[in-house]
Amino acid sequence: MNGVFVKKEINDGIRVFVNSTDKFKTITVKVFVHQSLREETVTKTALIPFVLKRGCEFMPTSQEITTYLENLYGAGFDVDIIKKGERQIIEFDMDVVNDKFLPPNTEGLLEKGLQALKEIMMNPLLENGGFNKTYFEQEKDVLLRNIKDLFNNKRAYAVERCFQEMCRDERFSLYKYGKEEDLEDLDPVKLYDYYDEMLKHNPIDVFVMGDVDVEKVFETAEKMFKYPRGNIKAIPPTLVDKKVEKEKTVIEKQKVNQGKLSLGLRTYTVYGDDDYYPLLVCNGILGGGVHSKLFQNVREKASLAYYVFSRIEKLKGVMVIASGIEFKDYDKTLDITKKQISDLKNGVISDYEMSATKKMIISSLKEVADNPMATINLYLDGVIAGKIEEIDDMIKNIEKVTKQEVVEAANKLKLDTVYFLTQE
Amino acid sequence: MKERIVSKVLDNGLSVFLMRKKGYNKKFAIYATHYGSIDNEFVIPGEEKPIKVPDGIAHFLEHKLFEEEYGSVMDRFAEQGASSNAYTNYTTTAYLFSCTDRFYENLDLLIDFVQKPYFTKENVEKEKGIIEQEIRMYLDDPGWRVFMNLLKALYHKHPVRIDIAGSVESIRQIDMDTLYKCYETFYNPENMVLFAVGDFDEAEALNKIESNFKKRKYEVHGKIKRFYPEEPKEIYKTKIVENLSVSEPLFHMGFKDTDVGYDGSKLLKKDITTRILLDMILGRSSKLYRQLYEEGLIDDRFSLDYEGQKDYGFCVIGGPTRDPEMLHDRILKGLEEYKVKGLNKEDYERNKKKMIGNYIKGFNSPEFIATTFISYHFKNINILQYLEYLNIITFKDVEERFSSFLDPKYHSYSVILPDEK
């Protein structure tokens with residue numbers, strides 16, 4: 001079985017969480033550098049992972065970095081951006097195979113992997129006091145392509161666009177990779193200074209999960225993160241209580257084969273609130289699987305869609321309902337969808353819906369424990385929300401949820417924006 | 001590694017494989033038939049002449065098996081705390097569930113529903129609307145379009161060039177009777193495999209499976225007669241271009257494998273050798289990848305893959321790019337250069353190490369183990385022999401493969417261009 005995360009603060013504002021377990025073939029390491037999601041810094045922050053991956057002082061090209069990692073029996077490594085609520089986080093991600101499954105005389109893979117992670121994160125390739133200019137320019141272009149790439153996945157696009165329209169005046173509307181128009185004004189020296197400031201003053205969380213010695217990991221981490229730190233910034237909280245003045249409808253036209261309908265709702269509940277678990281069950285009944293109201297009514301009964309689901313953003317207090325439909329079925333689908341929401345609000349919930357939903361959530365929580373990446377991700381949400389729970393506690397909380405509480409959570413739901421991607 | 005597989009062929013011909021994964025909460029089972037989208041011409045047991053069935057029928061059948069007289073099988077799984085799913089590809093239709101509790105009940109349900117079709121005129125008609133939306137969803141997916149078009153360019157006649165789900169028109173021709181015919185032909189245990197993985201007792205699980213099948217009777221059909229059109233070695237077309245609503249061009253390039261016609265360990269060896277070769281030439285640590293990246297022609301989204309089946313094989317190379325034509329030329333020139341200068345032994349050693357690591361990592365994930373196992377099983381390959389074969393393969397094998405595969409004569413490419421505004 002899994003262990004639990006043991007925590008230690010090793011340097012000003014750097015927390016290390018270690019979960020020692022022999023369940024996996026690998027040792028997984030993740031480092032999160034937190035930043036506030038803001039208009040002025042979103043694109044800058046987004047560019048950093050791309051530039052870092054290109055080279056560091058000791059391995060000046062990405063070819064050398066990859067070669068090094070491949071020699072460690074294909075150590076997995078990546079740096080990317082994730083968005084959680086109104087936080088933009090730089091994520092360093094590594095997994096190495098546990099030595100004991102490899103040919104004899106193979107050892108020290110974790111140490112060698114961590115060494116690479118440290119160099120890439122803290123000793124980037126510099127020139128004239130800034131990031132390498134060539135890499136900087138090339139990666140600006142790569143970032144631009146990544147910003148535009150959202151357009152190519154219409155399902156994700158229709159969800160993101162719905163949130164953008166819904167949260168127009170909120171920081172949450174910013175895309176995790178930033179904005180095209182900011183790219184021009186960036187500069188390799190200023191960007192490095194900005195990153196250096198982040199490493200000095202922003203909160204950093206380090207997670208390690210696998211067959212490791214907890215004390216030894218703390219020791220190694222202390223040596224790794226000897227960066228001068230101080231005046232640790234507090235990340236401002238995410239705006240949750242935004243009123244819906246008037247329901248919006250946004251229609252966008254493109255040359256597409258299928259219409260994509262997204263409904264954006266406010267839940268006014270985030271992870272850490274007393275009614276978070278009722279909301280989670282509420283979302284499950286509405287659109288969290290094949291047993292849900294949306295799947296049963298939009299797909300199975302009316303044959304309107306192949307996919308339809310609802311999902312909550314648990315650190316922002318919003319929900320999206322998404323489906324792919326025939327263009328002409330817009331009104332019909334919207335009506336059926338709204339009917340499911342009002343049924344929930346009126347307490348039309350069968351025992352089957354209640355129990356199947358709880359079982360599904362509990363089962364998926366247990367399955368999270370079988371996956372180191374997912375475990376760390378779930379735990380990070382707790383760290384951000386300031387409410388650290390073990391998976392067993394979460395399961396107990398789900399079991400306790402009553403129908404009455406679900407109905408109360410449902411009655412807080414407010415439809416904010418209807419977004420439809422349709423044909424030209 | 002400590003994982004072992006318990007296996008048995010039941011009296012009815014079904015192959016069962018069980019793997020214990022100690023300490024895991026999740027239990028996962030997959031029940032699959034060797035029947036996919038390419039099997040559209042065959043002889044129904046007891047008949048003489050082959051029939052031809054509408055494109056997309058294997059996938060349609062997959063959808064419809066989830067319905068029983070009592071209602072939806074997915075609901076029943078949900079009631080028992082499991083989530084169920086299924087998929088159809090070119091050669092396989094697979095039904096699966098995962099759960100953390102009531103494993104044996106779910107396992108029974110899996111066998112019960114797959115072994116009991118319930119098709120009616122009404123429920124077949126109703127499904128057409130849902131599948132039509134699934135097809136339309138893929139029509140808007142540039143990654144799928146560019147891949148499908150590549151296969152249409154590589155192959156003249158082989159049904160791998162047809163969309164797995166068929167088309168909006170072809171699925172309209174599907175009816176109850178034809179579905180039953182396909183079912184009778186391909187859903188006999190002889191043609192199927194069951195794989196379960198999780199923290200359970202293998203002997204007990206085997207017992208449960210055997211007793212479930214005791215109540216069922218099957219006739220022995222023997223080998224199913226399947227017909228595929230004769231496919232020339234040559235490619236059909238050099239290039240296919242399509243316009244879609246995308247932000248940048250998308251490029252896929254494929255080489256048609258001319259060394260086909262066998263399965264088993266020989267195919268496994270070819271499969272691994274080819275993957276090493278592709279990584280050495282165009283993987284992240286290769287010289288050519290670096291050059292293309294620095295020229296701004298590719299980025300991290302560039303990928304390589306090889307698909308090797310008994311009767312066909314191809315590799316796919318590509319990703320988004322600013323200039324598909326230039327990327328196409330540069331890759332061909334790069335290959336030529338490798339042919340002249342030869343492959344590098346260090347690259348070979350390193351990529352082999354990487355593959356050993358990736359294989360071991362795969363054992364973290366029960367569903368990865370199960371799905372990989374069955375996909376190789378239908379090619380008469382036991383994937384647990386992977387490391388053994390990886391060790392047997394030599395640098396010379398890779399060099400030899402390079403001398404026959406990746407011949408420009410046998411390549412096609414597919415391009416998606418942004419719509420003109």
Side-chain angles (χ1 to χ4, degrees), chain A residues 1-2 21-26 53 61-63 66-67 70-76 95-97 101-102 138 141-142 145-146 148-149 151-155 254-258 289-291 299-300 303-307 324-326 352 355-356 359-360 362-364 366-367 369-372, chain B residues 1 23-26 72 74-75 77-84 98-101 126-131 133-134 136-137 139-143 244-248 250 283-287 289-290 293-294 296 299-301 320 350-351 353-358 360-361 363-366 419:
Chain A
M1 286 306 286
N2 293 21
T21 165
D22 62 1
K23 189 162 141 179
F24 305 109
K25 306 288 178 211
T26 52
K53 280 193 276 187
T61 65
S62 50
Q63 193 182 13
T66 315
T67 300
E70 283 175 352
N71 271 319
L72 304 179
Y73 286 87
D95 67 332
V96 296
V97 176
F101 300 112
L102 290 167
Q138 285 172 350
D141 187 47
V142 174
R145 284 180 246 155
N146 274 278
K148 290 182 171 175
D149 193 36
F151 186 77
N152 302 323
N153 181 344
K154 302 300 178 201
R155 271 188 292 175
Q254 283 179 25
K255 210 173 149 189
V256 287
N257 289 289
Q258 185 183 57
V290 296
H291 61 282
R299 175 174 150 145
E300 295 298 297
S303 296
L304 289 168
Y306 168 68
Y307 76 89
I325 57 170
E326 206 57 52
Y352 163 67
S355 71
K359 280 179 203 153
M360 178 208 66
I362 289 168
S363 187
S364 62
K366 285 182 182 168
E367 287 178 18
D370 292 341
N371 180 327
Chain B
M1 286 189 284
Y24 270 63
N25 301 319
K26 179 173 183 158
S72 157
M74 286 196 167
D75 290 352
F77 273 114
E79 241 167 81
Q80 296 180 182
S83 34
S84 56
S98 74
C99 67
T100 54
D101 283 307
K126 196 206 73 183
E127 203 66 22
K128 290 182 181 172
I130 296 170
I131 295 179
Q133 288 314 313
E134 187 177 2
R136 290 195 185 279
M137 182 180 86
L139 289 178
D140 282 335
D141 181 344
L244 273 181
S245 170
V246 291
S247 66
E248 62 188 326
L250 190 53
R284 294 283 163 93
S285 61
S286 68
K287 197 177 125 209
Y289 180 92
R290 181 184 169 180
Y293 192 104
E294 285 173 356
D299 54 44
D300 273 8
R301 295 169 295 169
R350 197 178 60 247
N351 276 298
K353 269 188 173 177
K354 179 182 80 178
M355 288 173 83
I356 294 172
N358 286 345
I360 296 169
K361 280 185 201 175
F363 277 76
N364 268 354
S365 160
D419 278 321

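Just so we're on the same page: letters track the sequence lines, and every chain starts at 1.
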* Test log, rule salt bridge (Lys or Arg N to Asp or Glu O under 4.0 Å), inputs Lys154(A) and Asp140(B) -> CA-CA 7 Å; Lys154(A) 302 300 178 201; Asp140(B) 282 335; over 6 Å; no
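- If you measure heavy-atom distances from Asn71(A) to chain B, the contacts under 4.5 Å come from both the backbone and the side chain.
- Ion pairing of Lys26(B) with Asp370(A) is absent here, as no side-chain N (NZ or NE/NH1/NH2) approaches a carboxylate O to less than 4.0 Å.
- Closest of all the heavy-atom pairs between Tyr293(B) and Val142(A) is OH-CG2, 3.7 Å.
- Of the listed residues Asn358(B), Asp299(B), Ile356(B), the one with more heavy-atom pairs under 4.5 angstrom with chain A than any other is Asp299(B).
- Between chain A and the residues Lys128(B), Lys126(B), Arg350(B), Arg290(B), the largest count of heavy-atom pairs under 4.5 Å involves Arg350(B).
- Of the inter-residue distances, the one linking Ser62(A) atom OG with Arg284(B) atom CZ reads 9.0 Å to the nearest 0.5 angstrom.
- Side-chain atoms of Ser98(B) and Glu367(A) form a donor-acceptor pair, as typed in the model, at a separation below 3.5 Å.
- Chain A forms more heavy-atom pairs under 4.5 Å with one residue of Ser365(B), Gly283(B), Gly143(B), Ser286(B) than with any other, namely Ser286(B).
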* Stepwise side-chain contact (heavy atoms from CB on, under 4.5 Å) check, Asp300(B) with Asn146(A) -> CA-CA 10 Å; Asp300(B) 273 8; Asn146(A) 274 278; over 6 Å; no
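- Across every non-hydrogen atom of Gly81(B) and Ser363(A), the tightest pair is O-OG, 3.8 Å.
- Counting all heavy atoms, side chain and backbone alike, Lys25(A) lies closest to Asn364(B) at N-OD1, 2.8 Å.
- For the atom pair Asp141(B) CG and Asn153(A) CG, the distance stands at 7.0 Å (nearest 0.5 Å).
- The CD atom of Glu300(A) sits 6.5 Å away from atom CD of Glu127(B), with the distance rounded to the nearest 0.5 Å.
- Of all heavy-atom pairs spanning Phe101(A) and Ile360(B), the tightest one is O-CD1, 3.6 Å.
- In this structure, Asn25(B) contributes its side chain and Lys366(A) its backbone to a donor-acceptor pair below 3.5 Å.
- Ranking Val96(A), Asp149(A), Asp141(A), Ile362(A) against chain B, the residue ahead of the rest is Asp149(A), based on heavy-atom pairs under 4.5 Å.
- Here the closest heavy-atom approach between residue Lys255(A) and residue Ser245(B) is recorded as O-CB, 3.5 Å.
- Note on Arg136(B) versus Glu326(A): salt bridge recorded, some NZ/NE/NH1/NH2 to OD/OE distance being below 4.0 Å.
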* Check step by step if side-chain contact (heavy atoms from CB on, under 4.5 Å) holds for Gln138(A) and Glu294(B). => CA-CA 8 Å; Gln138(A) 285 172 350; Glu294(B) 285 173 356; 4.1 Å; yes
* Might you work through the side-chain contact (heavy atoms from CB on, under 4.5 Å) test for Tyr352(A) and Asp75(B), ending with a clear yes or no? => CA-CA 9 Å; Tyr352(A) 163 67; Asp75(B) 290 352; 3.3 Å; yes
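- Side-chain N or O atoms of Lys359(A) include none that pairs as donor or acceptor with a backbone N or O of Gln80(B) at under 3.5 Å.
- Chain B forms more heavy-atom pairs under 4.5 Å with one residue of Arg145(A), Arg155(A), Arg299(A), Lys53(A) than with any other, namely Arg145(A).
- You'll find the side chain of Glu248(B) stays beyond 4.5 Å of the side chain of Lys148(A), heavy atoms only.
- In this structure a side-chain-to-backbone donor-acceptor pair under 3.5 Å is missing from Thr26(A) to Lys361(B).
- Listed options Ala305(A), Gly76(A), Pro372(A), Ser355(A) were ranked by heavy-atom pairs under 4.5 angstrom with chain B; first place goes to Ala305(A).
- Of the listed residues (Met355(B), Met74(B), Arg301(B)), the greatest number of heavy-atom pairs within a distance under 4.5 Å of chain A belongs to Arg301(B).
- Pairing each heavy atom of Lys353(B) with each of Glu70(A), the nearest pair is CB-O, 4.0 Å.
- Of the listed residues Ser84(B), Cys99(B), Ser83(B), Pro366(B), the one with more heavy-atom pairs under 4.5 angstrom with chain A than any other is Cys99(B).
- Checking side-chain atoms of Asn152(A) against main-chain N and O of Ser247(B) turns up a donor-acceptor pair under 3.5 Å.
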* Worked check of side-chain hydrogen bond (donor to acceptor under 3.5 Å, both in side chains) between Gln258(A) and Gln133(B) -> CA-CA 7 Å; Gln258(A) 185 183 57; Gln133(B) 288 314 313; 2.9 Å; yes
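- Ranked by heavy-atom pairs shorter than 4.5 Å toward chain B, the options Thr66(A), Leu304(A), Thr61(A) are led by Thr66(A).
- Between atom NE2 of residue His291(A) and atom CZ of residue Phe77(B) there is a gap of 15.0 Å, rounded to the nearest 0.5 Å.
- Here Ala78(B) is the residue among Ala82(B), Ala78(B), Ser72(B) with the most heavy-atom pairs under 4.5 Å with chain A.
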